[in-house]
Amino acid sequence: MKPILSSDPDKRQMAFDLLTTVEAGGCSAKISPTILEAILSELPLPFDPRILVDISTHDDAGVYRLTDDIALILTTDFFPPVCSDPYEFGQIAAANSISDVYAMGGTPILALNIIMFPSSRIPIEVYGEILRGGNDKAREAGVSIIGGHSIDDYPPKYGMAVTGIVDPKKVITNSGARAGDVLILTKPIGSGIIMAASRMGMASADELASAKWCMKQLNNEGCRLMQKYNIKGATDITGFGLAGHSLKMAVGSDVTIRLSMKKVPLMKNAYTYINEGCIPGAAFRNLDYIEPKTFFEEGLDYNLRMASCDAQTSGGLLISVRESAVENLLTELNASGHPEASIMGSVEPKQKYSLIIGN
Amino acid sequence: MKVVDTKGLTCPAPLIKTRQALNEALEGESLQIVIDNATSLSNIRRFLKDNKLSSSEKEENAIWTITVNRGEVMPVIENIEDYCSVSEERTGKNVVVAIASDKMGTGDDELGTRLINSFFKVLPLVQPLPSSVVFYNAGVKLAVTGSLAEEYLKEIEAKGVKLYLCTTCIDYFLLREKIKVGNISDMYQIINVLNEADLIIRP
C-alpha cells in the first residue's frame with residue numbers, strides 16, 4: 001500500500017499541522033502532580049501478594065508476578081499532539097508509552113492503541129499516519145499491537161497500554177535507590193522548553209529535529225545495560241520533569257537525592273530559551289509540586305532550577321548505580337546510542353529534604 | 001511607564017515578553033504587565049518572586065496589571081558554554097554502510113546483483129564491523145524475507161550492527177509485509193545515522 005500522505009515530514013506538515021489542535025504552549029496537558037497525588041491517596045490500594053509494584057511507591061508501571069520466573073509489567077500513557085507531523089507524533093507517543101516497561105527493567109511484548117480522534121474535523125489520513133508512526137515504533141521495540149480503542153474527540157490524543165515481562169527477581173523500581181549510589185541520566189533534558197521555543201518561533205529547525213529525535217529514541221539500550229549491571233533503582237523522566245521524578249524516586253526509596261544541575265545534559269540552547277523567559281507552564285506546576293520537599297542550594301542558577309522542572313516527553317532513564325560500576329555503565333551507555341548520558345547526581349541517606357538541587 | 005500587554009497570548013509568550021521587557025528596562029525603572037489568563041499570571045508571579053523582583057497587582061474584570069520594579073541587575077549568564085550539552089565522545093571510527101541500490105556498481109544488472117550478494121556474504125567477516133547499515137531506494141529490496149542477503153543481515157544484526165530501512169522506500173516498493181529485519185526509519189533517523197558517521201561505505 002502506498003502511503004496516503006508523503007513520508008517527507010515537511011510535506012506532511014503542509015497536509016495537516018497537528019499543533020493547530022492544541023493551545024499554544026500545551027500548558028494544560030497533564031494534571032498537576034499535586035492534585036493527582038491527593039486524589040490517588042483517597043483510593044484504597046488492592047491487596048494481593050502477587051502485586052510486586054503498585055502506585056504506592058509512585059512507580060512507572062504496575063508489576064504482577066505470574067510465576068516464579070515471569071512477572072507482567074502493565075502501563076498506559078497517552079497525550080495530545082507534541083509536534084506538527086502525525087507520523088512523528090505516533091512514534092513519540094509510542095516510544096513514551098513503551099518507556100515505562102524499560103524503566104522497570106522489562107521487555108515490552110504487547111500493546112493496545114488508545115486513540116482519540118475528531119473524524120469530522122481532521123482529515124482521516126492523519127489518523128492513519130499517527131497509527132503508522134506508533135506501529136513502526138512498536139515494531140522497532142519488538143512489540144506487537146494486538147488491539148486498541150478509539151473515541152471521537154477533539155483535540156486528538158494518542159498513546160498505548162503496554163504489557164511487558166520481567167524476571168520478578170530483576171524488577172527495577174523507583175524504590176531501589178540506595179544511599180551511596182551515583183545517578184546517571186541517559187538522555188538530555190529540555191524537550192518541553194525546545195518544543196515551546198519552537199512554537200514561539202525561537203528554536204531553529206535543527207534544535208526542534210534533535211529534540212524530536214531524543215523523544216523518539218527508545219530506552220531499550222538503557223534497559224539492557226541496567227540489567228547487565230544488576231541495577232535495582234531507576235525511573236524514566238517524563239511529565240513531572242527531572243526534579244519531579246527524582247523526588248518520587250527519593251521518597252519511594254526513603255533516601256535523599258542530590259542533583260548537580262551543571263552536570264545534567266541539557267538540549268542545545270534550552271538554557272538560552274529559559275533565560276529569555278520561554279518557560280512552559282508545566283515547569284511551574286512541577287516546581288509547586290517539588291517545593292515542599294526540596295532544598296534549593298544557595299546560589300542555584302534560576303534558569304537551571306526551571307530546567308530541572310521542565311516536563312519531558314519520552315525522556316531518558318535516571319539510573320541509580322553503585323559507585324564501583326558507574327564508570328563501566330557510563331562507558332557502555334555512551335557507546336550504545338546515549339553519547340550524552342552523564343553522571344549528574346548522587347543518593348544520600350535520608351535528610352530533612354528528600355531532594356537537594358544545586359548548581 | 002512602559003506597558004507590556006500580554007492580553008490574548010498564551011503561555012509561555014507572556015513570560016517571554018515580560019523577560020524581554022525587564023532586560024531592556026533601565027535599572028530602577030518600573031514596568032506594567034497586563035495579563036488576561038490565570039496560568040500566565042501565576043507563572044509570572046512566581047518568576048518575579050523567585051528572581052526577587054518586588055511587584056504590586058491590581059485586577060479589573062479579570063484583567064490583571066502587575067507593576068514591577070526592574071530593581072537590581074537581572075541575573076546574567078556568565079558562561080553560556082557551561083550550560084550547553086557536551087559534544088559527543090566516541091571511541092574508534094564510526095563506519096556506516098549506505099545501500100542505495102539492490103545492485104553493486106553499474107554496467108551489468110545480473111553482475112551487480114551477484115556482487116551485492118557477495119558483499120553481504122563477506123560483510124559479517126569484516127573487523128571491526130560497521131555500526132550501522134542504511135538501506136534506501138531499491139536498497140531496501142535486499143532486506144526482504146527470502147532475499148539472498150537476508151541470512152547475512154540477520155547475522156550482522158545479531159552481532160549488534162543496526163539496520164535502518166527507509167520507510168518511504170518500503171512503501172514505494174510495497175514491501176512492508178515482507179520486512180522482518182532491521183528498524184524502519186524515517187528521513188530524520190537516516191540523516192542522523194549518516195551524519196554521525198566518520199566514514200560512509202557505499203558499495
Side-chain angles (χ1 to χ4, degrees), chain A residues 1-3 6-9 23-28 87-88 91 132-133 136 139-140 188 190 193 196-197 199-200 202 209-210 212-213 216 261-262 265-273 275-281 283-284 287-288 301-307 331 334-335 337 339-340 342, chain B residues 9-23 37 39-40 42-47 50-52 74-78 80 82-92 131 160 162 166-172 174 176-177 179-180 182-189 191-192 196:
Chain A
M1 187 186 79
K2 280 207 168 191
S6 165
S7 287
D8 176 342
E23 179 196 324
C27 295
S28 50
Y87 179 77
E88 291 189 297
Q91 287 181 301
R132 194 168 71 82
D136 282 355
R139 256 209 62 206
E140 186 188 334
I193 294 155
R199 276 190 295 261
M200 295 292 133
M202 300 159 81
S210 320
K212 288 194 288 192
W213 163 256
K216 288 181 209 170
M261 286 308 298
K262 282 191 180 176
L266 272 184
M267 289 182 185
K268 191 167 172 240
N269 283 339
Y271 185 91
T272 309
Y273 299 132
N275 193 54
E276 288 168 7
C278 183
I279 307 170
F284 287 99
L287 180 63
D288 286 344
D301 181 322
Y302 175 77
N303 298 330
L304 290 179
R305 177 203 304 212
M306 296 316 291
T331 306
N334 288 156
E340 294 186 61
S342 306
Chain B
L9 298 177
T10 51
C11 159
L15 185 54
I16 295 171
K17 286 193 85 167
T18 302
R19 185 70 169 101
Q20 198 180 4
L22 283 165
N23 277 347
N37 82 79
T39 307
S40 292
S42 120
N43 296 351
I44 288 173
R45 271 183 193 151
R46 184 70 214 244
F47 174 85
D50 285 346
N51 283 292
K52 300 183 174 59
M74 290 288 288
V76 286
I77 317 169
E78 284 155 16
I80 192 142
D82 284 359
Y83 305 105
C84 294
S85 50
V86 283
S87 61
E88 302 180 14
E89 280 176 41
R90 228 183 271 122
T91 50
S131 69
K162 295 259 191 296
C166 158
T167 184
T168 314
C169 314
I170 288 169
D171 285 334
Y172 185 85
L174 312 176
R176 193 159 290 270
E177 306 304 315
I179 300 287
K180 297 280 182 280
N183 305 310
I184 296 193
S185 311
D186 61 9
M187 197 52 83
Y188 277 130
Q189 190 164 22
I191 290 175
N192 220 53
E196 282 173 4

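Quick caveat, the model's predicted, so the values are computed rather than measured.
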For the interface with chain A, which of B:Thr18, B:Ile179, B:Ile170 has the highest count of heavy-atom pairs at distances below 4.5 Å?
B:Ile179
Region of B:Lys52 in contact with chain A, defined by heavy-atom distances below 4.5 Å
neither
Can you check whether B:Phe47 and A:Phe284 have ring centres sitting under 6.0 Å from each other?
no
Which pair of non-hydrogen atoms, one from A:Gly281 and one from B:Cys11, has the smallest distance, and what is that distance?
N-SG, 3.1 Å
A:Asp136 side chain reached by B:Arg176 side chain, heavy atoms, under 4.5 Å
yes
B:Gly182 to A:Arg139 - nearest heavy-atom pair and separation
O-NH2, 3.9 Å
Under 3.5 Å side-chain donor-acceptor pair for B:Arg19 and A:Asn275
yes
Would you say B:Thr167 and A:Tyr87 make side-chain contact, with heavy atoms under 4.5 Å?
yes
For A:Gly277 and B:Leu15, the nearest pair of non-hydrogen atoms, with its separation, is O-CG, 3.3 Å
So which atom in A:Met202 and which in B:Ile16 form the shortest heavy-atom distance, rounded to 0.1 Å?
SD-CD1, 3.5 Å
To the nearest 0.5 Å, what is the distance between CG on B:Asn43 and CG on A:Asp288?
8.5 Å
Can you sort out the partners of A:Glu276 under salt bridge (Lys or Arg N to Asp or Glu O under 4.0 Å), two or more places apart, ordered by chain and number?
none
Test: B:Asp186 and A:Arg132 ion pair at under 4.0 Å
no
Would you mind telling me which of B:Asn192, B:Ile44, B:Asn183 has the largest number of heavy-atom pairs within less than 4.5 Å of chain A?
B:Asn192
B:Lys162 portion near chain A, given a 4.5 angstrom heavy-atom threshold
side chain
